[in-house]
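Structure record follows, encoded as structure tokens.
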Amino acid sequence: ALMGLQLTTRLLLSASLAAGWAPLPLRRPAAPNGPRAAASLVRASASAGATIDRTVDCIVVGAGISGATLAHNLHRAGVDVLLTEARDYVGGNVISRQADGFTWEEGPNSFATQPSIVRISHELGIADQLVFADEALPPWVNHNGRLHPLPKGKGGKGPAGQLELVFGSNGVLKFALAGQLLSWPGKIRAGIGAFVGHPPPPEGKEETIREWVTRILGEEVFLRCIDPFVSGVYAGDPSTLGMKAALPKIARIEDYSYAIEWNKLGAIFYGGLKRQVELVKERKAAPPDPSWVKFEYGNPGSYRNGLATLPRAIAAELGAAPEPATGAAANKRAAKGKGAGKGKRGAKGKGGAKGKGAANKGAAAGEAAAAGEGSRVRLQWRLVRVDKGKDGGFEAVFETPGGEQKVRARSLVSTAPAHALKGVFDSILPGAKVLTDKLRADIGRQGIHYPPVAAVTVAYPKTAFRDVELPNGFGPLRDLPGFGSLNPRSEGVRTLGTLWSSSLFPGRCPPEYNVLLNYIGGSRDPAIGGMEQEEIVKAVDQGCREVLLKPDAPPPRLLGCKVWPSAIPQYELGHADIISALEEAEATVDGLWICGNYRTGVAFPDCVTYGYNHARVVQDYLDGLPQAQAKPEKAASAA
């Protein structure tokens, strides 16, 4: 009965894999008189405040995963690109730490592997550092004081893999017949929606995730399966998140279902099956490059030293200085929790807010290093304004530790968070105000909402875990045989979910320990953003004790506690209207794109795939410019 639900969940991870990763054609830089001749570095006179005017093909604003991968692809294609970032490192919310034999993340923990990630790893020479989890490891749901595995196969592909998913030891059939996560009435209701049919969608109304799932599979499936899943992906509230905006691939399965002529009641299983067959055909038609590392679509993956391996490699490729936080001393302070919350980046070092002068000195030094000869990265550059240039391009004004800086560009892409763009584009694209100013009275929001989330990594001795055998032959709990545990809001555990990091990837901790990455906060618990570190860690420890640990377990070894005040953009009701309004405004200004994970998806693979897709858009735009626009103004070189 739950096969339809399982297929839709799997499609969330895999439906996007078939598109958007076709090889980007590499282009050599054009001859000096060609379109790529625009790059020049011009120093203004002293009376202009030592402002640097640099003319480039493209400015990419924001060095998170979206911006960094976009800059990488443009650079490989011969585009003169400048990547700017308000923070002092490349990677956005991706921060990996190492100390005393432990490796942990302070943002996302892993990615669902797809070709775009394997390909960029190959291009950057870091494919040998890729690591993949055991595909048989299931996610677990905490319910009624027990852990329940969600159905999962053992990673086999083709007919054998599908048979394993249905009939295997942790397959759908066993989940439906012997599993205790859902009651029999809940299983029957889900089975009806999956195999028989369900009420049609309401006309003229945007459904929330909660409304959509309840209509199709029932309230119990929502509360015990989908609610914790959404909390883990978005840290959001399914009662305000729009279904078609937040989970469009799953929402489209209903359209596939009704498109089957004989499936008059829209039973969701058949739509999921139809889409699965299409995906298999699409992947066979466009197989991965045989020189790439072998991988399985959707399998959880990372790098040996953490996810930050990717943005660090891109930063090195573009000429940025090495990240200052990767030294042993910085990691030791992070592991011990010293300096957390005292400066702009918490665990980056003690005394982070000791004095403005000292901070500016360090920042200026970092900027100077990053802005060395040939560097295409500028750190601690905050975009404050974009104006239309005299040559038809753009003039971007940045606030930097060294004072105001201006850069001219023939095109500009912003991948910065929506909340960082207030007032930035007012003079050139007033329609961008919708991102920060749009009122949605029905859900009490203005602009796109980013709730606070804390990522708290703790370690406990394996002996601290309960002496229980997990169902379906997974063995003792102390071995943590799974992806992690999810906490439905109905269970009263404050932590949204706990990832069993040391079970997923090798070498994450000494053998006598287990490492747990906990996420806490989100739209339904915004108070986390104002709490002290000690309070947050206490709440996380309490949750671990309620779900995983013995009553007499020792205190946790705190590895990291990173509070993200504005973490994940929420695709709430009305989000599609905001993006439509932005697209309409954007269409009136050629060469300017306002993008980011509030528009192209919040998952790590979404951001990497965006980098490939949008690089082609920028290239096509630049190649179509008249020759006169492709050359820098001669007047500028005389300044």
Side-chain angles (χ1 to χ4, degrees), residues 59-62 64 66-67 84-87 92-93 204-209 234-237 239-246 248 381-388 394-399 404 411-453 521-524 526 529-530 564-602 606-607 610 614:
I59 299 172
V60 176
V61 180
S66 297
T84 69
E85 169 57 47
R87 290 178 275 202
N93 288 359
K205 180 184 183 301
E206 181 181 6
E207 283 185 293
T208 66
I209 292 177
Y234 277 100
D237 182 352
S239 297
T240 62
L241 289 167
M243 182 65 192
K244 289 188 175 180
W381 276 36
R382 186 177 69 86
L383 182 65
V384 295
R385 191 175 73 253
V386 177
D387 299 316
K388 194 70 176 174
F394 306 97
E395 185 175 274
V397 181
F398 295 88
E399 180 184 275
E404 186 180 275
S411 61
L412 188 148
V413 183
S414 171
T415 64
H419 58 77
L421 301 179
K422 192 170 183 63
V424 169
F425 296 101
D426 284 1
S427 69
I428 191 171
L429 191 68
K433 291 180 180 180
V434 69
L435 294 173
T436 56
D437 296 355
K438 173 72 173 179
L439 290 173
R440 287 175 284 171
D442 52 337
I443 58 172
R445 295 282 188 244
Q446 178 175 336
I448 295 176
H449 178 52
Y450 289 72
V453 175
S523 289
R524 290 180 284 188
W564 299 96
S566 302
I568 303 172
Q570 301 297 293
Y571 286 50
E572 296 177 304
L573 294 176
H575 187 86
D577 294 336
I578 290 177
I579 300 305
S580 294
L582 176 64
E583 290 173 348
E584 289 180 15
E586 196 179 77
T588 65
V589 182
D590 292 336
L592 176 65
W593 296 273
I594 315 298
C595 301
N597 62 357
Y598 54 84
R599 185 170 175 179
T600 54
V602 302
D606 293 336
C607 298
Y610 160 81
H614 201 70

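These numbers come from the heavy atoms of this one structure, side chains and all, not from hydrogens, waters or symmetry mates.
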Write down the atom of [X], the atom of [Y], and the distance for their closest heavy-atom approach.
| X | Y | result |
| --- | --- | --- |
| P451 | I568 | CD-O, 3.2 Å |
| A396 | L383 | CB-CD1, 3.8 Å |
| T208 | S239 | CG2-O, 3.2 Å |
| F425 | A432 | CB-CB, 4.2 Å |
| K433 | D426 | CE-OD1, 3.3 Å |
| G67 | V60 | O-CG1, 3.6 Å |

When rounded to the nearest 0.5 angstrom, what is the spacing between [atom1] in [X] and [atom2] in [Y]?
| X | Y | atom1 | atom2 | answer |
| --- | --- | --- | --- | --- |
| I448 | N597 | CD1 | CG | 9.0 Å |
| I579 | E586 | CD1 | CD | 9.5 Å |
| I59 | F394 | CD1 | CZ | 9.5 Å |
| K422 | T436 | NZ | OG1 | 4.0 Å |

If only atom types and distance count, is the side chain of [X] paired as donor or acceptor with the main-chain N or O of [Y] below 3.5 Å?
| X | Y | answer |
| --- | --- | --- |
| H575 | Y598 | yes |
| E399 | V384 | no |
| T415 | G62 | yes |
| Y450 | A418 | yes |
| S427 | V386 | yes |
| E404 | V397 | no |
| Y571 | G601 | yes |
| R445 | L439 | no |

Report yes if some heavy atom in the side chain of [X] is under 4.5 Å from a heavy atom in the side chain of [Y]; otherwise report no.
| X | Y | value |
| --- | --- | --- |
| L435 | L582 | yes |
| L573 | R440 | no |
| I209 | Y234 | no |
| D606 | T600 | no |
| I428 | R385 | no |

Given R524, Q570, E572, the one that forms side-chain hydrogen bond (donor to acceptor under 3.5 Å, both in side chains) with T240 |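 For T240, the side-chain hydrogen bond (donor to acceptor under 3.5 Å, both in side chains) test succeeds with only one of R524, Q570, E572, which is E572.
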
What is the ring orientation for W593 with H614, classed by angle as parallel under 30°, tilted 30 to 60°, or perpendicular over 60°?
->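 Perpendicular.
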
Got a sec, which residues hit side chain to side chain contact (heavy atoms under 4.5 Å, CB included) with E207, two or more places apart in sequence or on another chain?
->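 Partners of E207 by the side chain to side chain contact (heavy atoms under 4.5 Å, CB included) criterion, ordered by chain and then number, come out as P201, P202, E211, W212, R215.
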
